[in-house]
Amino acid sequence: SSEAFSIFALLTIGDGLVAQIPSLLLATAAAIIVTRGNNSEEVSKQLRAQLLANPSVLYSAAAIMAVMGIVPGMPAVAFLSFAGVLAYGAWRQSKAMPVEDNTLELEKAEINHFLATDPALTWEDVPVIDRMSLDLGYRLVPLADQTRKDPLSSILRGTRKKMLEKFGFLFPEIIIRDNLDIPPMEYRVLLDGTQVDSGTINPDKLYAFETPDVYGKLDGELTREPAFGIEVVMIDPDMRSKALRSGYMVYDAQSVISTHLSRVLSERAHDIFSHDEVMGMLDRLKTLSAPLHESLTALLKPTDLLAIFRKLLQEGVSISDIKTIATTLVEFAEKKRDPVSLTSEVRYSLRRSIVTSINGTRPEITAYVISDKLDQILMGTVQQSQQSSQFNPENLNMDPNIQTQIQMGMARIAEECQMRNEPAILLVAGPFRPQIAKLARIASIKIHVLSFTEIPETYQVNVAGRLD
């Protein structure tokens, strides 16, 4: 009976263990999947890497198997054999692992040494901001490749030369940079690290501009070029010859960017002109006339010259004739100290070049004038403002309704002249010319505001209309 009970107990316990094995395996697999890291690697590779990474895991498993093998009633041969295999595998794994060196300790020592010897921050650690820069999306970066026939850098040097001839001073170097944070076909113009304009262009296409002599249509995509917003036809490079034969003007991406940059430089010339440019102009004057340079620097500070040059550039007046400008300033600097009055005297000295830049070489000027009633109102405003101790010809105490009326009238004049393809010119009295010109700039009206005294005697003035 005792033998029967022993067999019954053995079978019962064995049956229970056999019944629990699938559940144990299923629970183990579920636990492995749930606790698995977020990795695309296969589970088998992860298990192998984690279980065999450290020999101590295999040594622990071998010890457990050996203890179970020496328990009475357990299959000693099977457990002890499996324990020996695990122990051998752990031994081989420990031999295969590279001997740890003191690399980590050396790295920590180097970091600690660097931190201990790291010098204090200085002004040299402050990042340098480029005066002028052009950021390119990654699709536009090949345009700056120096191996190209016409790299963008060479074209921009030509743009700076044109601006030098137009305004009379050397513009700063334009730094070209790639910028992965902007759209692929976008470029941005930055002045002193701040974006002032941007555009989008396809580097693989050409841009065909219509002319009055165009005949026929091109197969392409209608778009607007970024410089002036003119509608153009975007075509493939192999259509260049056909577009030229049809009377179109064809530009590549580099030329469109250069044109856009020229417009930005023209509009921002007064902002770009800085103290460095003032010193450059003075150095140039010294090479041309040392006595004139000495007299000018004795009367006016560089900050005063900076204000005068900027006011001239703000209205598109070239400062290339530095000798005439310096002579005028030396003549009037002792009588007039404010930059606006001195700028007006310089404009009078440069009146021929100013009118020529606007009207060309034609001896006749077609211009608008203000009505007698408005002239009387403005002169009264000037006289009233002159009574103030802080009189400024650019900031007259003018009625806001009058300002709005003048701006609307100038906008109408500019539109009429644009339709006739003529320069918009408004002639006013000298005392309030700076204020009227400022109103035009505020409203972004493309009109040239000149005083009657700025028209050379040899020119004939034709009055096209009046501003009421």
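Just so it is clear, the structure is predicted and the values come from calculations on it, not from any experiment.
With Thr381 contributing its side chain and Ile377 its backbone, the two residues share a donor-acceptor pair below 3.5 Å. Side-chain N or O atoms of Thr194 include none that pairs as donor or acceptor with a backbone N or O of Leu190 at under 3.5 Å. Without hydrogens or angle criteria, Asn359 side chain to Arg362 main chain gives a donor-acceptor distance under 3.5 Å. With hydrogens and angles disregarded, a donor-acceptor distance shorter than 3.5 Å links the side chain of Ser318 to the backbone of Ser320. Judged by distance alone, the side chain of Gln460 and the main-chain N or O of Glu364 form no donor-acceptor pair under 3.5 Å. For the pair Gln376 (side chain) and Met379 (backbone), a donor-acceptor distance under 3.5 Å is absent. Side chain of Tyr207 to backbone of Asn202: a donor-acceptor contact under 3.5 angstrom is found. A donor-acceptor pair under 3.5 Å is absent between the side-chain atoms of Ser341 and the main chain of Asp338, judged by distance alone. The backbone N or O of Val449 lies less than 3.5 Å from a partner atom in the side chain of Arg433, making a donor-acceptor pair. Here the side chain of Thr159 pairs a donor or acceptor atom with the backbone of Ile155 at under 3.5 angstrom.
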Start with the C-alpha gap between Arg224 and Val232, add the side-chain angles, then the distance that decides, and say whether side-chain contact (heavy atoms from CB on, under 4.5 Å) holds.
-> CA-CA 6 Å; Arg224 292 191 178 275; Val232 297; over 6 Å; no
Evaluation steps, side-chain contact (heavy atoms from CB on, under 4.5 Å), between Ile402 and Leu374 | CA-CA 9 Å; Ile402 299 296; Leu374 183 57; 4.0 Å; yes
Please walk me through it: do Leu134 and Arg177 pass side-chain contact (heavy atoms from CB on, under 4.5 Å)?
-> CA-CA 6 Å; Leu134 178 67; Arg177 304 177 305 192; over 6 Å; no
Go through the steps to decide whether Met410 and Leu439 satisfy the test side-chain contact (heavy atoms from CB on, under 4.5 Å), and finish with yes or no.
-> CA-CA 9 Å; Met410 288 191 294; Leu439 292 178; 4.1 Å; yes
For Glu173 and Arg160, run salt bridge (charged side-chain N to carboxylate O under 4.0 Å, His left out): C-alpha distance rounded to whole Å, both residues' side-chain angles, the deciding distance at 0.1 Å, then the answer.
-> CA-CA 8 Å; Glu173 188 74 26; Arg160 291 179 63 218; 2.7 Å; yes
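One distance of note links CZ of Arg412 with CD1 of Ile447; it measures 9.5 Å at 0.5 Å rounding. To the nearest 0.5 angstrom, Leu136 atom CG is 6.5 Å from Leu152 atom CG. The distance from atom CG of Leu305 to atom CG of Leu296, rounded to the nearest 0.5 Å, is 5.0 Å. Atom CE of Met239 sits about 5.0 Å away from atom CG of Asp219, to the nearest 0.5 Å. Here the OG atom belonging to Ser295 is positioned 11.0 Å from the CG atom belonging to Leu300, to the nearest 0.5 angstrom. For the atom pair CE of Met279 and CG of Asp276, the computed distance is 9.0 Å after rounding to the nearest 0.5 Å.
Nearest heavy atoms, Ala253 versus Pro203: CB-CA, 3.9 Å. Counting all heavy atoms, side chain and backbone alike, Leu206 lies closest to Asp236 at CD1-O, 4.3 Å. Across every non-hydrogen atom of Lys323 and Thr327, the tightest pair is O-OG1, 2.7 Å. Heavy-atom minimum distance, Ile319 versus Ile325: CA-CD1, 3.7 Å. The nearest pair of heavy atoms linking Leu218 to Ala243 is CD1-CB, 3.6 Å. Heavy-atom minimum distance, Arg351 versus Thr453: CD-O, 3.7 Å.
When ring centroids are compared, Tyr187 and His260 come within the 6.0 Å threshold. For Phe169 and Phe171, the gap between ring centers is short of 6.0 Å.
Ion pair Arg347/Glu345 not flagged as a salt bridge, since none of the NZ, NE, NH1 or NH2 atoms sits closer than 4.0 Å to an Asp/Glu carboxylate oxygen. Ion pairing of Glu277 with Arg131 is present here, as a side-chain N (NZ or NE/NH1/NH2) and a carboxylate O approach within less than 4.0 Å. In this structure, Lys438 does not pair ionically with Glu394, as no charged nitrogen and carboxylate oxygen lie closer than 4.0 Å. Here Asp304 does not pair with Lys301 in a salt bridge; the nearest charged N to carboxylate O distance is not below 4.0 Å. Between Lys373 and Asp468, no side-chain nitrogen of the basic residue sits less than 4.0 Å from a carboxylate oxygen of the acidic one, so the salt-bridge criterion is not met. Ion pairing of Arg263 with Asp197 is present here, as a side-chain N (NZ or NE/NH1/NH2) and a carboxylate O approach within less than 4.0 Å. Between Arg139 and Glu186, none of the side-chain N atoms (NZ, or NE/NH1/NH2) sits under 4.0 Å from a carboxylate O, so this pair counts as no salt bridge. In this structure, Glu315 does not pair ionically with Lys311, as no charged nitrogen and carboxylate oxygen lie closer than 4.0 Å. Ion pair Glu422/Arg420 flagged as a salt bridge, since at least one NZ, NE, NH1 or NH2 atom sits closer than 4.0 Å to an Asp/Glu carboxylate oxygen.
Between the side chains of Ser153 and Gln146, at least one donor N or O lies within less than 3.5 Å of an accepting N or O. Side-chain contact check for Ser349 and Thr324: no donor-acceptor pair (N or O, by modelled atom type) lies under 3.5 Å. Side-chain contact check for Ser255 and Asp252: at least one donor-acceptor pair (N or O, by modelled atom type) lies under 3.5 Å. Using modelled atom types, one finds a donor on one side chain and an acceptor on the other under 3.5 Å when comparing Ser266 with Lys166. One side chain, Asp145 or Thr147, offers a donor N or O that lies under 3.5 Å from an acceptor on the other. Asp130 and Ser133 share no side-chain donor-acceptor pair at under 3.5 Å.
When side chains are defined from C-beta on, Gln254 counts as touching Arg148, because their heavy atoms get closer than 4.5 Å. Taking 4.5 Å as the limit, every side-chain heavy atom of Ser262 sits out of range of all side-chain heavy atoms of Lys162. The closest side-chain heavy-atom distance from Val256 to Pro226 is below 4.5 Å. Residues Met132 and Ile272 meet the side-chain proximity criterion, which asks for heavy atoms closer than 4.5 Å. Within the 4.5 Å cutoff, the side chain of Asn462 has no heavy atoms near those of the Ile365 side chain. Taking the side chain as every heavy atom from C-beta outward, Leu244 and Tyr248 never approach each other to under 4.5 Å. Annotation: side chain of Pro151 is not in contact with side chain of Leu143 (no heavy-atom distance under 4.5 Å).
Annotation: Tyr251, atom OH; neighbour count of heavy atoms from other residues, nucleotides and ligands within 6.0 Å does not exceed 12. Within a 6.0 Å sphere centred on CE of Met249, other residues, nucleotides and ligands contribute more than 12 heavy atoms. For CD of Glu334, the number of neighbouring non-hydrogen atoms (other residues, nucleotides, ligands) closer than 6.0 Å is 12 at most. Residue Glu415 places its CD atom among 12 or fewer non-hydrogen atoms of other residues, nucleotides or ligands, all under 6.0 Å distant. For Gln195, the CD atom is densely surrounded, since the number of other residues' heavy atoms within 6.0 Å is greater than 12. More than 12 heavy-atom neighbours from other residues, nucleotides or ligands sit within 6.0 angstrom of OH on Tyr459.
If you run side chain to side chain contact (heavy atoms under 4.5 Å, CB included) between Val346 and each of Leu342, Thr343, Leu350, only Leu350 comes through.
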